[in-house]
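These notes concern the structure reproduced below.
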Amino acid sequence: MGMRGHRMEKGDRPRLDRLFLRRFLTLQSVLFPRWMSENTLMLLTLLVVALTGQLVVYQVGILPSQFYGVLSDQDLGGFRRLAVFALMLIFAISVLRSMEQYISKLVYVNCRKVMTEHLHRAYFNNLVYYTLSVEHPYVDNPDQRMTQDVERLCRELGSVASKLLTTPFTLVYYSYQCAVSTGWMGPLSIFGYFVIGSLLNRLLMGPVIPKLIQQEKLEGDFRFKHVEIRVNAEAAAFTRAGSVEHSRTARRLQHLISAQKELMNQELWLYFGTNTFDYLGGILSYMAIAVPIFAGVYKDLSSAELSELISKNAFVSIYLVSCFSQIIDLSSSLCDVAGYTHRIAELDEVMGRILQGQKNEEEEGSDKLERFDGAFVLDDVTITAPGTDDTLVRNLTLHVKKGHNILITGETGSGKSSILRVLAGLWLPKRGNVCVFTPFGPHGVLFLPQKPFLSDGSLREQVRSVYSNWVNSKIVYVAPSFSQYLR
């Protein structure tokens with residue numbers, strides 16, 4: 001008795017919502033499981049380095065206003081001291097920025113390692129890699145999700161990690177500095193600019209995410225077609241299948257190109273919005289300082305002092321606008337992160353449900369082990385292909401004892417291989433009970449697949465792997481993983 005795979009509803013559409021937030025936080029708990037984990041410590045180190053860099057950036061940013069002051073006063077000694085100080089600051093910011101970039105790369109690499117190993121543990125556990133492809137076909141291209149999608153997600157997270165960590169601190173600090181120079185009008189106008197930009201970009205991001213996910217799916221299909229031809233090159237050559245495969249591959253390419261064009265059409269408006277707000281931010285700082293200047297707040301200052309003040313305020317305001325602009329610019333990265341998060345988290349969720357279902361089946365089966373005697377016991381079993389209601393075998397009761405031979409014959413498609421798949425634990429019966437009492441290995445049962453396959457490595461490594469499986473086997477249900485090494 002088995003639960004059929006969950007199907008994605010036709011109305012399901014990945015987007016920025018609570019589902020995305022839940023999935024994103026779930027993946028973050030995998031990447032940063034504890035405060036003292038390696039990834040968490042690297043992230044805290046990145047935060048310290050980035051904040052220190054921001055303090056140095058502020059000192060570098062106000063250097064022009066200080067140069068205005070010493071040059072206006074024709075202070076040669078002050079100019080020399082300021083020039084030496086400026087060189088020291090430039091050297092410090094170069095070191096800090098280099099360290100920040102280096103640690104960001106380390107975070108990316110280590111996050112990819114942790115996430116991939118987490119997915120591999122579930123994927124290669126208890127035949128999940130088989131069940132996933134047979135009973136959950138809507139989870140397309142799991143290989144792409146565990147390789148390319150994980151790599152791109154971790155790369156995006158690594159590239160924006162320092163910005164996300166330091167932005168709250170820099171916003172508070174520069175908002176205070178801006179308020180000191182321009183009054184409440186300066187930071188308030190910049191905040192309003194950010195709110196309007198965020199709402200607009202939130203609206204423009206909506207259609208991009210599902211298009212991105214569709215493109216990644218078609219990328220995987222197109223790549224899989226080429227892998228299929230490469231693996232079966234000899235068989236294709238014998239049957240002269242070049243022209244047929246060319247047309248089918250070209251059709252997949254056409255679908256992929258169409259999806260990419262649709263994605264670019266949606267991204268056009270997103271790029272327009274982000275670029276518009278980038279350039280608007282460049283003049284917003286001067287508008288903010290213009291209000292107190294024309295209101296006569298600084299009428300007592302000389303031209304040199306006013307130039308110094310405008311230069312300092314321009315840096316503070318422009319940097320504050322830049323912080324908000326960076327958040328708005330991250331909308332394109334957020335689209336990518338949302339798309340990859342949905343694809344990776346969906347794979348992780350489905351594999352978790354498969355493992356939980358297998359655990360429940362084993363617990364139910366363990367209560368019935370004492371009721372039967374034999375190597376294999378099928379009690380009133382009805383078998384259907386996964387994902388369909390077409391009955392292959394109905395009401396089959398079969399006891400197979402050790403040392404007894406049995407031959408199953410029948411026409412093609414009558415269900416002979418389906419019985420073996422149920423005995424091997426590859427398929428779950430629609431109804432009835434299946435119990436397997438014989439162990440896997442040289443003193444138990446061995447399943448040989450119809451299509452032979454040797455994994456990578458030498459013949460010696462193949463034999464050692466098979467022997468290791470025999471020795472370490474503690475299986476109640478017969479595990480067909482032997483075919484992984486002798487196929």
Side-chain angles (χ1 to χ4, degrees), residues 1-10 125-140 350-440 444-453 473 475-484 486-487:
M1 293 175 293
M3 294 294 294
R4 295 303 177 189
H6 166 76
R7 301 294 178 194
M8 182 176 288
E9 299 297 333
K10 293 182 179 180
N125 184 21
N126 204 15
L127 307 178
V128 169
Y129 55 88
Y130 176 84
T131 307
L132 186 67
S133 61
V134 174
E135 297 190 9
H136 303 271
Y138 65 90
V139 184
D140 59 274
V350 172
M351 291 193 297
R353 287 199 297 268
I354 293 174
L355 290 172
Q356 185 61 42
Q358 292 174 345
K359 181 180 179 182
N360 296 338
E361 289 290 334
E362 291 176 0
E363 291 175 353
E364 293 177 6
S366 63
D367 298 334
K368 305 171 184 177
L369 293 179
E370 302 298 331
R371 302 181 186 179
F372 303 101
D373 179 26
F376 299 93
V377 176
L378 280 74
D379 181 35
D380 194 26
V381 169
T382 297
I383 302 173
T384 61
T388 69
D389 294 326
D390 299 331
T391 301
L392 302 175
V393 177
R394 179 181 287 107
N395 303 331
L396 174 64
T397 298
L398 177 66
H399 290 213
V400 180
K401 296 184 178 181
K402 296 180 180 180
H404 289 69
N405 298 327
I406 183 171
L407 177 65
I408 302 177
T409 63
E411 299 179 356
T412 301
S414 60
K416 304 183 298 296
S417 300
S418 301
I419 296 176
L420 294 179
R421 292 187 181 103
V422 171
L423 291 177
L426 302 182
W427 288 7
L428 296 175
K430 183 177 182 180
R431 185 169 60 85
N433 299 313
V434 179
C435 293
V436 181
F437 300 92
T438 185
F440 168 77
V445 65
L446 178 66
F447 287 90
L448 294 177
Q450 296 175 343
K451 182 179 179 181
F453 175 77
S473 178
I475 297 178
V476 175
Y477 287 90
V478 177
S481 57
F482 180 86
S483 60
Q484 176 182 352
L486 211 59
R487 281 184 285 185

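Numbering of residues begins at 1 and proceeds along the displayed sequence.
Here OG1 of T131 is found 12.0 Å from CE of M351. Values are rounded to the nearest 0.5 Å. In this structure, NZ on K430 lies 5.5 Å from OG1 on T391, to the nearest 0.5 angstrom. To the nearest 0.5 angstrom, N126 atom CG is 10.5 Å from I354 atom CD1.
Open room surrounds CG on D389; 12 or fewer heavy atoms of other groups in view lie less than 6.0 Å from it.
Shortest non-hydrogen contact noted between W427 and S418 is CZ3-OG, 3.5 Å. Nearest heavy-atom pair across E135 and P386 is CG-CB, 3.5 Å. Of all heavy-atom pairs between T382 and N395, the closest is OG1-N, 3.3 Å. Taking each heavy atom of K416 and E411 in turn, the nearest pair found is NZ-O, 3.1 Å. Of all heavy-atom pairs spanning P429 and G432, the tightest one is CG-O, 4.2 Å.
Taking the side chain to side chain donor-acceptor pair (under 3.5 Å) definition, one finds that D380 meets it with R431, sequence neighbours left out. Looking at residues two or more places apart in sequence or on another chain, you find a side-chain contact (heavy atoms from CB on, under 4.5 Å) between V393 and I383, L396, I419.
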>> For L398 and I406: C-alpha separation, side-chain torsions, deciding distance, then whether side chain to side chain contact (heavy atoms under 4.5 Å, CB included) applies.
In response: CA-CA 11 Å; L398 177 66; I406 183 171; 3.7 Å; yes

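The shortest side-chain heavy-atom distance between L378 and L423 falls under the 4.5 Å cut-off.
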